[in-house]
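Here's the structure we're looking at; comments come further down.
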Amino acid sequence: MFDAKSFLKTVPESPGVYRMMDADGQIIYVGKAKALKKRLSSYFRKNVVGEKTKALVKAIADVEFTVTHSETEALILEHNLIKKHLPRYNVLLRDDKSYPYILLSNHRHPRLSIHRGAKRRKGEYFGPFPDSGAVRQSLYLLQRIFPVRQCEDSVYANRTRPCLMYQIGRCSGPCVEGIVSEEHYSEMVDYTRQFLQGKDRQVIASLVTKMEEASKNLEFEKAAEYRDQIQALRRVQEQQFVSQDSEDDLDAIGVSIENGVACIHVLFLRQGKILGSRSYFPKMPANTDAEEVVASFLGQFYIKQAEGRTVPTSILVGIDLGEELELLTKALSELAGRKISVQSKPRGARARFLKLAQTNAATALTSKINHKMTIHNRFLALAETLQLDPIKRMECFDISHTMGEKTVASCVVFNQDGPVKPEYRRYNITGITGGDDYAAMAQVLERRYGKQMDPEKIPDIILIDGGKGQLNRAWEVVKPFMDCWPKHPLMLGVAKGVTRKPGLETLIKVSGEEFSLPSDAPALHLIQHIRDESHNHAIAGHRAQRAKVRKSSVLQEIEGVGPKRRQALLKYMGGIQELKRASVEEIAKVPGISRVLAEKIHSSLQQH
């Protein structure tokens, strides 16, 4: 039993972070406090409020704390510890992806590109966008309206004639002297910058003036060009929701919680324009209240962003967080180096944005629950069909290669919530005869199960994508490992029918028994789902391996071209295709490549 009374005598009133451990020494909860003694004392009262807190206190075997100088430091430390230890009683935001931006570089002829990660490259950043699809759509629109270059710098620096993008009117061709004037290109860059800043009306007004001037000067082709740009911009305006009442950058956060599942929907608005939105489903312990879910989400979500200085000026939330609201506002303002407003009761246009976020959160949650119920029902149906106890975990294996080249094996994992993608694995198979699928399957199973297994990660069913021979070989490999496990999984082979059409699969047991399920059976749909995931995962890995080989195999055959020179050639020329099209003179310009070697490289590339 944890001696709370003695422990609390050692706790100061300072701000800080505390870590609660179970009997095995595992951190089960991380929290922050404005006053450590006051907060920790609340856990050890006689009448503890909340089922979750009661369960947490029962599991506590030890508590550690770290004093911080300020509440902001406590918030950051809490975020880092949660991210590192993933305690089971904390609300966990499972999202480690950085947000994409549009980068307008500061070159002589600036380039537009998608950017993720730290902002080390010089230039102007616009965003963040909810996903890369939204960025690509914006870049595509800009390419049609203002043809600013989007090609890689290595390609741009080595062109002697305009590329296809210039031919179809998607680039103004600044890579070749004399095609576009510096003044005209700078003008297009300025329009692009204003468009990305949300100043559509100013851009259109400027283009209208230029169109009228060109018309007066009888420059009708130029006037027609301005007219087309104006029409394209107005079409874009019609497709985007714009509010003239709100010019700030803000995020509206809608929350919906039902049946133990939480959805937090973030609506990204910049200059009153909706860039897009994204739904998050944080992992939360049972009986967690909405205030804790939202507060934990905001801390983890925006602390990460604040490190890259991308927090919006305003954040709208649909739940009153009390003291947490004030703490978050202060901490984010301090981290961002400017004033950040966190509001729970906005009015006017902002209230409409928040309502829209709430509606999207509710809709996304309903969809998630329905999907979860579908997966859960399929698990129950499969358990009933195979006469098993409730199935909690399944793993499926597949092999992919082309004529024995670059064999890759995949392992995918499903639980009762569906695919567990963080636990997907690929294995590069080596040391076997090309095309020997039995040996490949044996190798991947030995590597997967030949090490110490966490009892909770032992599957209830192991699926092998293959027929009777493949299943028997798999059983020979896995059976010795099973003898050391607390439970013995069922192993099944999934053989495709003669026509290889979905719905005609044959399931094979190790005993040799074969059976099929009706094509509309939920149990079969689950098996098809995990089998297809495994197949796609293996193929994706195999294709990546083949592409990697093809990319450098031609250069590897050339004497005198080692890894560093191959890398320099591909980087400087902008890829293998550009290198193949290059002349001897252009190849000789690459650092480290002499004229003689350039001739040898050019000759070898022309022969392939």
Side-chain angles (χ1 to χ4, degrees), residues 101-114 123-129 134-151 162 164-176 178-250 268-276 313 348-349 352-353:
Y101 286 77
I102 288 178
L103 169 62
L104 181 64
S105 70
N106 66 345
H107 294 98
R108 175 191 167 197
H109 295 125
R111 175 198 176 208
L112 276 174
S113 62
I114 184 172
E124 299 171 71
Y125 293 86
F126 302 93
F129 290 81
V135 177
R136 291 192 182 95
Q137 184 182 17
S138 297
L139 289 175
Y140 177 72
L141 287 170
L142 284 167
Q143 206 172 42
R144 295 172 61 191
I145 302 170
F146 305 117
V148 173
R149 77 175 181 95
Q150 297 187 16
C151 60
L164 180 62
M165 290 293 105
Y166 172 78
Q167 304 294 337
I168 63 175
R170 300 292 173 85
C171 180
S172 55
C175 53
V176 180
I179 289 184
V180 60
S181 67
E182 298 285 339
E183 183 184 355
H184 183 52
Y185 193 83
S186 296
E187 183 182 76
M188 287 191 296
V189 170
D190 287 338
Y191 286 145
T192 300
R193 182 182 292 107
Q194 290 180 57
F195 175 81
L196 290 170
Q197 289 172 344
K199 299 175 181 178
D200 302 13
R201 292 188 294 277
Q202 293 93 315
V203 175
I204 290 174
S206 179
L207 289 173
V208 167
T209 302
K210 287 187 175 292
M211 179 180 70
E212 291 172 348
E213 287 177 2
S215 182
K216 286 178 183 177
N217 296 331
L218 305 182
E219 296 174 330
F220 298 118
E221 288 186 7
K222 188 178 285 187
E225 183 182 327
Y226 288 132
R227 177 203 62 200
D228 293 342
Q229 289 177 325
I230 292 165
Q231 289 177 349
L233 277 171
R234 283 185 171 146
R235 281 196 296 272
V236 172
Q237 274 189 325
E238 290 168 2
Q239 293 168 6
Q240 293 179 309
F241 181 89
V242 178
S243 168
Q244 297 182 16
D245 300 329
S246 177
E247 294 295 333
D248 290 336
D249 292 348
L250 66 87
F268 300 90
L269 293 104
R270 299 296 179 267
Q271 297 294 323
K273 192 175 292 156
I274 297 178
L275 292 185
T313 307
R352 294 197 296 274
F353 289 141

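For the atom pair Ile102 CD1 and Glu124 CD, the distance stands at 12.0 Å (nearest 0.5 Å). Atoms OH and OH, from Tyr125 and Tyr101 in turn, are 10.0 Å apart once rounded to the nearest 0.5 Å. Note that CD of Glu187 and OG1 of Thr192 are 10.5 Å apart. Values are rounded to the nearest 0.5 Å. Of the inter-residue distances, the one linking Phe353 atom CZ with Leu250 atom CG reads 6.5 Å to the nearest 0.5 angstrom.
Val180 and Pro174 make their closest contact through CG1-CA, 3.8 Å (heavy atoms, listed as atom of the first residue, atom of the second, distance). The two residues Leu104 and Val189 come nearest to each other via the heavy atoms CD2-CG1, 3.9 Å. Heavy atoms only, all atoms of each residue included: Gln167 and Pro162 are closest at NE2-O, 4.2 Å. Scanning all heavy atoms of the two residues, the minimum distance from Pro147 to Gly169 falls at CB-O, 4.2 Å.
Side-chain N or O atoms of Arg149 include one that pairs as donor or acceptor with a backbone N or O of His109 at under 3.5 Å. Formation of a donor-acceptor pair under 3.5 Å by the Gln150 side chain with backbone atoms of Leu139 is found in this model. Here the side chain of Tyr185 pairs a donor or acceptor atom with the backbone of Pro110 at under 3.5 angstrom.
Contact check for Phe220 versus Ser215: side-chain heavy atoms found under the 4.5 Å cut-off. Here the side chains of Ser172 and His184 are not in contact, with every heavy-atom distance at 4.5 Å or above. Using a 4.5 Å cut-off on side-chain heavy atoms (C-beta onward), Arg170 and Tyr140 make contact.
A 6.0 Å sphere centred on CD of Glu182 holds more than 12 heavy atoms belonging to other residues, nucleotides or ligands.
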